[in-house]
Amino acid sequence: MIKYNEKIVDINKFPDGTLLLKEAMVSGIGDKDNSATITWKFENNEELIVLFYLVRHLQSLNVKDIYLKMPYIPNARQDRVKNSEDVFTLKYFAEIINSLGFSKVTVLDPHSSVSEALIDRIEVQSPKSYIEKVIEKIGDENLIMFYPDEGAMKRYSGMIEKPYAFGIKKREWKTGVIKGLDVSGEAEAVKESNVLIVDDICSKGGTFLHSARKLKELGAKDIYLYVSHCENTILAGELLESGLITKVFTTDSIFTENDERIEVFDYV
């Protein structure tokens with residue numbers, strides 16, 4: 001979904017399938033307007049073309065400062081290449097975004113520092129306020145935090161002043177598939193405690209399923225999950241059906257479904 005100054009951009013098509021964008025979506029823009037804000041909550045790759053056309057149209061109307069709010073960075077997972085067959089899509093995506101000359105690109109909790117390095121004039125929005133909102137909703141002063149790996153631990157433990165443990169993933173060397181994890185940090189505090197798992201992104205939830213199983217082995221009571229970006233594919237995974245997670249919290253950066261087990265915060 002793309003919004004221009006908080007108004008949803010209608011995306012229509014000609015009979016041949018090419019995009020049909022109307023002037024009405026940016027009506028009233030002219031020389032007197034020096035800035036515009038575009039919000040992009042990623043749903044599909046076609047929206048990148050819409051974004052390109054929209055920005056170029058605004059620039060043709062002499063809009064000088066155009067700001068992009070893009071909470072989720074598409075292609076963020078492809079932030080490196082391991083062999084000659086891999087395509088560095090994040091790099092090329094960033095090149096397209098940079099070519100549009102945004103005055104500022106605001107993102108929420110990016111998947112890696114590579115994204116931050118590749119996108120010009122980027123402003124990183126911390127997920128701290130969302131995590132604090134989740135903690136308030138859980139309402140447990142003795143809540144224990146859990147970070148699924150060392151990267152997450154380094155990223156989030158400084159935001160929230162609560163005891164925490166973190167996972168050390170055990171992967172199959174050839175495939176990279178997670179086979180389980182060990183727990184480090186204040187693992188003994190997990191017993192008889194409610195636990196909040198925190199990370200940036202969830203697909204089908206395999207990492208969090210392994211985490212929840214291990215936390216239950218350590219004696220955890222209710223287990224909650226917060227991820228800044230939750231893909232709709234979580235509904236196709238085992239995580240929600242396992243019954244190990246009491247509630248999932250996320251933002252609407254990319255999640256577009258409705259499920260009573262998932263509470264969605266509006267991105268602002």
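Its side chain outside the 4.5 Å cluster rule for every partner, Y67 clusters with none of the Ile, Leu, Val, Met, Phe, Trp and Tyr residues.
Partners of K13 according to the side-chain hydrogen bond (donor to acceptor under 3.5 Å, both in side chains) rule, which considers only residues two or more places apart in sequence or in another chain, are E46. In terms of the ring pair (Phe, Tyr, Trp, His ring centres under 6.0 Å) criterion, residue partners of Y72 (sequence neighbours excluded) are, by chain and number, H229. Listed by chain and residue number, nothing satisfies the side-chain contact (heavy atoms from CB on, under 4.5 Å) test with R80 (two or more places apart in sequence, or in another chain). Among residues two or more places apart in sequence or in another chain, the side-chain hydrogen bond (donor to acceptor under 3.5 Å, both in side chains) test is passed with E238 by none. For E188, the side-chain hydrogen bond (donor to acceptor under 3.5 Å, both in side chains) test picks out no residue, with sequence neighbours left out. Among residues two or more places apart in sequence or in another chain, the side-chain contact (heavy atoms from CB on, under 4.5 Å) test is passed with D266 by D252. Contacts of Y147 classified as ring pair (Phe, Tyr, Trp, His ring centres under 6.0 Å), with partners at least two apart in sequence or in another chain: Y164. E123 is linked by a salt bridge (charged side-chain N to carboxylate O under 4.0 Å, His left out) to K104, counting only residues two or more places apart in sequence or in another chain.
Looking at heavy atoms from C-beta onward, I135 lies in side-chain contact with L143 at the 4.5 angstrom threshold.
Counting only residues at least two apart or on different chains, no ring-ring contact (aromatic ring centres under 6.0 Å, His included) pair has a member in residues 233-268. The list of ring-ring contact (aromatic ring centres under 6.0 Å, His included) pairs with a residue in residues 76-105, not counting sequence neighbours, is empty.
Atom NZ of K216 sits in a crowded spot, with more than 12 heavy atoms from other residues, nucleotides or ligands closer than 6.0 Å.
The backbone N or O of S228 lies less than 3.5 Å from a partner atom in the side chain of T251, making a donor-acceptor pair.
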Scan the side chains in residues 196-204 for donor-acceptor partners under 3.5 Å anywhere in the protein, sequence neighbours excluded, and list what turns up.
from : atom 1 : to   : atom 2 : distance (Å)
D200 : OD2    : H111 : ND1    : 2.7
S203 : OG     : E231 : OE1    : 3.1
S203 : OG     : T233 : OG1    : 3.2

